[in-house]
Each structure stands twice: as C-alpha cells, then as structure tokens.
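First listed ligand is number 1; within each ligand, the first listed atom is number 1.
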Amino acid sequence: MKGRIGEASRIVIKIGSALLVEAASGQLKNAWLESLVADIAQLKARGADVIAVSSGAIALGRRKLGFPSGPLRLDQSQAAAAVGQIALADAWSAALGRKGLMAAQILLTLTDTEERRRYLNARSTITTLLGQGAIPVINENDTVATSEIRYGDNDRLAARVTSMMTADCLVLLSDIDGLYTAPPGTPGAKRLAQVTEITPAIEAMAGKPVSGLGSGGMITKIEAAKIALGAGADMVIASGHVMNPLHAIADEGHCTWFLAQGNAATARKRWIAGSLIPGGRITVDAGAQSALQKGASLLPAGVRGVEGEFSRGDTVSIINEQGFEIARGLIAYDADDARMIAGKRSADIEQALGFHVRDEMIHRDDLVLVGPTA
Ligand code: GLU
C-alpha cells in the first residue's frame with residue numbers, strides 16, 4: 001500500500017456503525033468487513049501495528065432486542081450495546097481469523113484514557129497484545145457508561161487511543177469522505193485535500209452533526225483531529241462506502257488529511273516534560289544516568305534515593321548524583337514500593353514486594369531527558 005497509511009508503523013482505524021451494519025435489516029455487512037480486513041492483513045504483513053476502534057454494537061443489538069427505529073433511551077442503547085457487542089466482537093474475530101490474525105476485544109470508557117493509572121494499565125495491555133501480533137478491537141464500554149452515549153464518541157475515543165498508543169496515523173472511516181468548505185450539499189462546497197492546522201475557520205466548516213445510523217458528523221471528527229495532531233499523529237477522514245477502503249485512500253485520495261507538524265514521540269515527550277508537575281524525586285547513580293542519556297529505561301538497580309509521595313503513573317523528576325534534574329518520567333510504582341525496590345535488580349522485585357508490576361521503574365517510552373545534558 002502506498003502513501004501515508006502504507007508508511008505508518010502504528011495505525012488506528014475507526015469504523016463507523018453505518019459501514020458495518022445495514023440500516024434496514026440490522027445485518028452485519030460481512031463482505032465489506034472482509035475487504036477491510038484484507039487491507040489490514042497487508043499492513044500487518046509488512047510489520048505495522050493495527051488497532052481497530054469499531055462502532056456498531058448498538059446498531060447490531062437494537063434489532064435483536066426488537067427496539068423500534070429512531071432514537072433510543074439511554075437504558076435501551078445500553079441494553080442494545082450489551083447484545084450487539086457480542087455479535088460485533090464475533091464478526092471481527094471471525095474475519096481476522098480467516099486471515100490468520102487474532103482479534104482482542106477491549107472495552108474502554110473515555111475516562112480510562114484521562115486517568116493516568118488506568119491509562120498506563122490500558123496502554124500496557126494493548127502494548128502486550130500488539131507485541132504478540134494481535135489486533136485490538138476497541139469500543140466504548142457502552143453498557144456501563146454513565147453519561148449519554150453519543151454517536152461520535154468513538155471518533156474521540158479513537159483519537160485518545162492514537163495518542164495513548166503513540167500511533168502515527170489515525171484513519172476515520174465513516175460515510176463522509178472529508179472536510180468540506182461548507183456543509184456537503186451546499187453549492188460550491190469543496191473537499192479540502194489537506195489541513196495542517198485546526199483554525200477557527202476550519203472549525204466553522206464542520207457545521208452541525210448529521211445523524212444517520214451512526215455518523216458523528218464533522219464536529220467530533222475535528223475534535224479527534226485536534227487530539228491526534230496534538231499527539232503528533234496524522235489523521236485522515238475518508239468514506240468507508242467502498243470495498244478495500246484503506247487501499248482506496250492510498251490509490252484515489254478522496255479524503256482529507258490532517259497533517260501533524262512533528263512526530264509522535266516528540267509530542268508525547270512534550271506532554272511528559274511540560275504538562276505535569278513532578279510529585280517525587282528519584283536520585284540515580286552515574287551508570288544509570290549515562291544509560292538514560294543513551295535512551296534506556298530506568299531500572300531499580302541504578303536508583304540511589306526516592307523522595308516524596310507519589311502514585312504509580314505520576315510524573316517524577318530524575319536527579320543525578322550532583323543534584324541536577326536530568327530527566328522526567330511517568331513512574332510505574334507507588335512511592336513506598338519504589339523505596340522498597342531502589343537499588344535492587346529487576347529479578348528481585350517480586351521478592352521485595354510480593355508482586356511484580358514491571359522490570360523498569362520508568363519505561364523509556366515514559367521518559368524524557370531535560371536540563372543542560374538533554
Ligand atoms: N459505541 C457505539 C456502538 O458501538 C457507537 C458510538 C459511535 O459511533 O461513536 O454502537
């Protein structure tokens with residue numbers, strides 16, 4: 001596959017309900033799903049990580065429960081999702097399985113990606129799945145969500161997942177083939193090929209949400225673009241009403257690309273370095289300092305001291321033996337546990353604590369060098 005999708009190393013694909021579920025019959029569009037999975041298999045074959053964020057649970061479940069068409073109450077939507085999610089996960093698992101790929105179902109709520117401890121847990125689970133070659137198939141955990149389920153939530157959820165997983169490309173497949181200079185249908189409205197900045201003028205083009213079976217309209221897609229671009233990922237809005245929709249983007253380019261200025265690692269590291277106030281200080285020895293400066297993770301063995309109160313997932317400062325801050329990172333252990341394992345080999349963590357979270361005290365993906373040595 002050519003183009004940005006073909007070159008991306010970690011791709012999040014959001015699939016709208018209307019693409020997967022036939023509106024009139026409530027049936028799953030299996031042939032279309034097969035064609036998307038064929039595209040995904042190609043990306044996997046060349047070594048990319050692929051994550052699907054799939055809507056469709058409510059659309060699939062509502063008919064099975066005999067609910068009428070038209071808007072559902074919240075409890076009805078949640079009930080429909082409970083029934084439909086099983087069918088949705090089953091369809092993904094079967095379609096991916098036919099290509100020799102493994103589906104992994106993950107149900108998230110938006111708050112899972114906001115709260116850092118849950119964020120770290122979700123991220124490490126998804127990282128493990130990707131490492132084993134599985135395809136995470138993510139949806140919102142609709143049945144336990146406490147706020148109104150709004151179509152379009154999955155646009156933002158997909159963008160949060162993109163940021164959380166430092167993906168470099170987010171694909172929003174729906175029934176809209178891009179951002180137009182005026183609402184589609186307006187005479188003279190033109191699709192933009194490329195957007196590099198979300199200006200007020202761009203936001204104004206988004207107009208009002210259009211409600212079909214599951215289209216979040218343009219407003220949530222622009223919200224998603226802000227999150228994706230802020231995290232350093234490119235995003236594309238494209239129509240999924242074609243077979244092999246990822247190939248269609250690469251070959252025909254009927255879409256709108258939102259292009260990030262900079263790369264994912266830089267944006268994430270900016271977030272760690274700039275947006276959080278460190279709650280603790282970790283002093284490291286000279287060996288650990290030089291390893292960190294070469295890009296390694298912080299292991300407990302190189303830690304000489306742990307000061308302050310903090311929880312797993314908080315930002316801490318890393319201080320060298322001369323007392324200078326050399327790095328910041330998101331720590332994988334609570335303060336008391338970090339004190340217990342300071343100076344110990346990773347192999348001895350379990351004996352010290354009675355449990356083992358991870359070998360690194362701060363993983364290199366969660367670490368940014370600061371100060372004059374950076
Ligand atoms: N989570 C909903 C579902 O699977 C869809 C929400 C959305 O499309 O944004 O039915």
Side-chain angles (χ1 to χ4, degrees), residues 12-23 25-29 32-33 36 51-93 95 103-113 122 135-162 170-176 206 208-228 235 237-241 245:
V12 176
I13 305 164
K14 185 261 170 175
I15 301 102
S17 298
L19 301 175
L20 277 172
V21 185
E22 196 77 59
S25 64
Q27 294 298 309
L28 207 117
K29 297 186 191 175
W32 183 83
L33 179 57
L36 171 63
I51 298 169
V53 175
S54 179
S55 300
I58 297 170
L60 278 171
R62 61 183 299 154
R63 226 187 146 79
K64 290 184 198 287
L65 285 175
F67 291 142
S69 50
L72 297 177
R73 294 193 314 263
L74 177 60
D75 58 305
Q76 290 175 318
S77 296
Q78 297 191 301
V83 170
Q85 182 61 34
I86 296 176
L88 186 63
D90 188 43
W92 274 101
S93 173
Q105 174 186 254
I106 299 183
L107 300 178
L108 286 178
T109 60
L110 281 169
T111 48
D112 286 331
T113 61
I135 312 245
V137 178
I138 301 176
N139 197 357
E140 185 163 6
N141 197 352
D142 290 326
T143 48
V144 297
T146 47
S147 57
E148 198 67 44
I149 300 168
R150 285 170 304 167
Y151 286 123
D153 278 353
N154 274 2
D155 291 336
R156 278 180 301 151
L157 182 64
R160 293 256 182 237
V161 168
T162 301
L170 167 62
V171 181
L172 296 184
L173 292 176
S174 70
D175 41 14
I176 306 170
K208 289 217 160 56
V210 253
S211 64
L213 186 53
S215 163
M218 204 39 81
I219 291 174
T220 54
K221 291 182 174 52
I222 299 295
E223 288 302 314
K226 284 188 200 163
I227 296 167
M235 185 184 104
I237 298 176
S239 167
H241 288 298

Looking at residues at least two apart in the chain, or sitting in another chain, which of them share a side-chain hydrogen bond (donor to acceptor under 3.5 Å, both in side chains) with Q105?
Q85
Given T220, which partner from the list D155, N154, D153 fulfils the side chain to side chain contact (heavy atoms under 4.5 Å, CB included) test?
D155
If you look at every heavy atom in V21 and G56, which pair is closest and at what distance?
CG2-O, 4.0 Å
Does ligand 1 have any atom that is closer than 4.0 Å to a heavy atom of G56?
yes
Which is it for D142 and ligand 1 at heavy atoms under 4.0 Å: side chain, backbone, both or neither?
side chain
Take atom CD1 of I86 as the centre, draw a 6.0 Å sphere, and report whether it contains more than 12 heavy atoms from other residues, nucleotides or ligands.
no
What do you reckon, does A59 have a nitrogen or oxygen under 3.5 Å from a nitrogen or oxygen of ligand 1?
no
Considering both backbone and side-chain atoms of S55, is one of its nitrogen or oxygen atoms within less than 3.5 Å of a nitrogen or oxygen in ligand 1?
yes
Under the rule for side chain to side chain contact (heavy atoms under 4.5 Å, CB included), what residues qualify as partners of L65, not counting sequence neighbours?
F67, A79, V83
Atoms in ligand 1 flagged as close to I58, the criterion being non-hydrogen separation under 4.0 Å
3 (C), 10 (O)
S55 OG to L60 CG distance, which is reported to the nearest 0.5 Å:
11.0 Å
Is there at least one pair of N or O atoms, one from D153 and one from ligand 1, spaced under 3.5 Å apart?
yes
Within the structure, does S54 bring an N/O atom to less than 3.5 angstrom of an N/O atom in ligand 1?
no
Relative to ligand 1, is N139 under 4.0 angstrom through side chain, backbone, both or neither, heavy atoms considered?
side chain
